[in-house]
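Here is the naming used below: chain letters follow the sequence lines, and residue numbers restart at 1 for every chain.
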Amino acid sequence: MTAKEYNTSVETYADGVYRFILKNIRDEDKAKDIVQDTFEKLWIKAETVTYTKVKSYIFTSAYHTMIDYIRKDKRQSMMDDSAELKHAHDKQYTDLSEVLQEALEQLPPIQKSVILLRDYEGYSYKEIADTTELNESQVKVYIFRARKFLKNYIGTIEAVI
Amino acid sequence: MNITRDTYESYFIDYLDQNLTDKQLRTLVDFLDQNPDLELELKEMTSFSKQQNTIQTEDQAFEFDKTALIKSSIFDEDLSNFDELCISFYEGLLNDKEEQYLLELTDSRSELLNTFETYGHTQAKANLSITFPNKNSLKQHKKIALHQYFSYAASLIFVLGFIFYIQDGNQLSSEENTVQFANNNTSYMDYPKVSFFEEKAQITLSKEPFKKKPVETKNNIKTEVIESSIAPIEDEQVNKAIRKIITIPADYFNTEDNNLEDTDPYDNSIYYSRKGKLAYNSLTDLEKHLAKVFKDKKIDKSSIRSEMLPIEQLKKNDIKTFEINPLNNYNNPIQLATSIDPNLFQKRILGSQPIK
């Protein structure tokens, strides 16, 4: 990958990967650090990463850096799919998108990640599997579980508003 | 058992006998989609079966109905897989016909429609107003260009400086161009061995010719600096060579030789050359310089060359007490002397010849 292609990659994917990381960890400074770190790694490996694979490399690298951060951060729960999902909510919502954002925050990290990769970036199950080092069946299961949870969360809010 | 073109007949028979499970029905539908010719065959078998089945009444006649087949293949009887189908719909996992039947089903049953629509709201949309701040900081800029810029700038400054130096030198009269020499009123033989550091390109210019200035040396020996004028040389090669004029041990100057009045007032190096004791980095430099200086004078260069001795013949003592007296910095010779590595200094007198 040339320097020009690298800079094009920055222009094309920096915002997307930043939104993805920020949505996951809700820490702007850390999200910036992770994105910065991701592109530094990309530049170091620029000779071995082809331009056609650069998006996958960026999101995979950012995802794993984020996972490392989450694991180090005691405040975040581990990648525990069995985490109890809370449906309690006492906020006032004005529209469904706000409800959905709130619901996303309630998801276990792995489910949240696959949903964001699916919805934000339009990744296929295979691409998500490659990024998260899961298999496609696991990705499908996580997405189905997450959708079902989101539907139930939104459904209960809809009843309120 | 998987259904293939070799095994489909048993599947067809089970289908006609209505012995297929839901999963097998879904498999059969997929198989018929991929093999339309066999779908036609199944229709013919269905028709034949109808004709042969004399027990069935007309209403109960079994007809091949792929629509019904699809419906029964995707929906569980109790609709327990309805959530899965809704998610599959929004995930784009259903084919056109399956989508169509799901929509028909939800349209007909309001309680299912609500669930179906709620699933539609589970698609997250990115907030595109959130962007990475200062994206340029991530980009790689051509750092080498900056170095090149400074290189070009430095080269330009050097060239301009050189041009101005040459031009200024041409404009100054010989009386205005001055250069200083360490000297005193006593014999040089009384001094410790002293040599001079000369770099003609940096020669100090003074408007007062032959001005004497007292200089206190490293060994507290008071000397006088006698300025003599020097004419710059316009040849770049020669100037380059002159810059390599480094040192001359004090031995070169004995009382007899140290006759400044005999020195060419326009070039201090000529003073040395008259003694045949020029210090250059190489004979080539010396010859180039002399060729220019003596352009209009008849000088036998071969005689000069014969007076040059290799460095191996220099004695260590000849340079041990060397003192730097740069012509462009005669007011502060000690400071410069202490800043020069003796080993480096020794190397720089290559080609010079001490008087023993």
Side-chain angles (χ1 to χ4, degrees), chain A residues 2-23 28 31-32 35-36 38-40 42-43 46 95-97 99-101 103-104 107 112 115-122 124-125 140 143-158, chain B residues 23 26 74-76 78-95 98-99 102-103 105-106 109-149:
Chain A
T2 64
K4 186 178 179 183
E5 288 173 335
Y6 168 85
N7 286 339
T8 304
S9 303
V10 171
E11 197 63 45
T12 308
Y13 303 119
D15 291 338
V17 73
Y18 175 66
R19 280 192 289 266
F20 170 65
I21 299 297
L22 180 60
K23 189 66 185 170
E28 285 189 16
K32 288 177 193 170
V35 173
Q36 184 107 24
T38 298
F39 279 96
E40 282 175 8
L42 173 62
W43 178 244
D95 58 41
L96 283 175
S97 66
V99 178
L100 177 61
Q101 296 306 313
L104 283 170
L107 287 173
K112 188 176 174 181
I115 283 287
L116 292 178
L117 286 171
R118 180 76 175 160
D119 291 351
Y120 279 18
E121 298 302 321
S124 67
Y125 289 171
K140 189 173 182 181
I143 286 180
F144 273 59
R145 286 181 186 174
R147 297 275 187 227
K148 206 163 186 176
F149 170 77
L150 295 174
K151 186 268 292 183
N152 291 336
Y153 192 96
I154 293 171
T156 55
I157 295 294
E158 278 185 318
Chain B
K23 184 178 179 181
R26 282 194 283 271
I74 66 171
F75 295 116
D76 291 343
D78 58 356
L79 291 176
S80 59
N81 65 337
F82 181 71
D83 284 312
E84 184 182 340
L85 291 171
C86 290
I87 294 170
S88 297
F89 175 85
Y90 289 109
E91 287 290 314
L93 301 178
L94 300 182
N95 62 36
E98 288 170 338
E99 285 185 358
L102 178 62
L103 292 172
L105 178 67
T106 53
R109 297 174 64 171
S110 59
E111 76 278 12
L112 297 180
L113 179 62
N114 185 48
T115 300
F116 177 73
E117 288 180 342
T118 304
Y119 270 113
H121 296 305
T122 64
Q123 310 288 314
K125 290 182 176 59
N127 182 355
L128 299 180
S129 65
I130 298 174
T131 57
F132 186 83
N134 194 14
K135 239 181 296 182
N136 280 336
S137 67
L138 299 176
K139 293 181 179 177
Q140 292 295 327
H141 303 286
K142 291 184 178 178
K143 295 176 181 177
I144 192 170
L146 194 62
H147 293 299
Q148 285 177 340
Y149 171 78

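Remark: the backbone N or O of B:Cys86 is not paired with any side-chain donor or acceptor of A:Arg147 at under 3.5 angstrom.
The distance from atom CG of B:Leu128 to atom OH of A:Tyr120, rounded to the nearest 0.5 Å, is 9.5 Å. Note that CG of A:Asn152 and OG1 of B:Thr118 are 9.5 Å apart. Values are rounded to the nearest 0.5 Å. Between the CG atom in B:Asn134 and the CD atom in A:Gln36 there is a gap of 8.5 Å [rounded to 0.5 Å]. Here B:Thr122 contributes atom OG1 and A:Asp119 contributes atom CG; the two are 7.0 Å apart, rounded to the nearest 0.5 Å. The distance from atom OG of B:Ser88 to atom CD1 of A:Ile143, rounded to the nearest 0.5 Å, is 11.0 Å. Put simply, CG on B:Leu138 and OH on A:Tyr18 are 11.5 Å apart, with the number rounded to the nearest 0.5 Å.
There is no contact between A:Phe20 and chain B, counting heavy-atom distances below 4.5 Å. For A:Phe39, the part lying near chain B is the side chain, with the backbone staying farther off; criterion is any non-hydrogen pair under 4.5 Å. There is no contact between A:Leu42 and chain B, counting heavy-atom distances below 4.5 Å. At a 4.5 Å heavy-atom cutoff, the contact between B:Lys135 and chain A is made by backbone and side-chain atoms alike. Within the 4.5 angstrom heavy-atom criterion, only side-chain atoms of B:Leu93, from C-beta onward, approach chain A.
Considering only heavy-atom pairs separated by less than 4.5 Å from chain B, the leading option among A:Glu11, A:Lys4, A:Lys23 is A:Glu11. Ranked by heavy-atom pairs under 4.5 Å with chain B, the first of A:Ala3, A:Ala14, A:Ala46 is A:Ala14.
The closest side-chain heavy-atom distance from A:Arg19 to B:Phe132 is not below 4.5 Å. Annotation: side chain of A:Lys151 is in contact with side chain of B:Asp83 (closest heavy-atom distance under 4.5 Å).
B:Ala124 and A:Leu100 get closest at one heavy-atom pair: CA-CD2, 3.6 Å.
Salt bridge B:Glu91/A:Arg118: present, at least one basic N to carboxylate O contact under 4.0 Å.
Within a 6.0 Å sphere centred on NZ of B:Lys139, heavy atoms belonging to other residues, nucleotides or ligands number more than 12.
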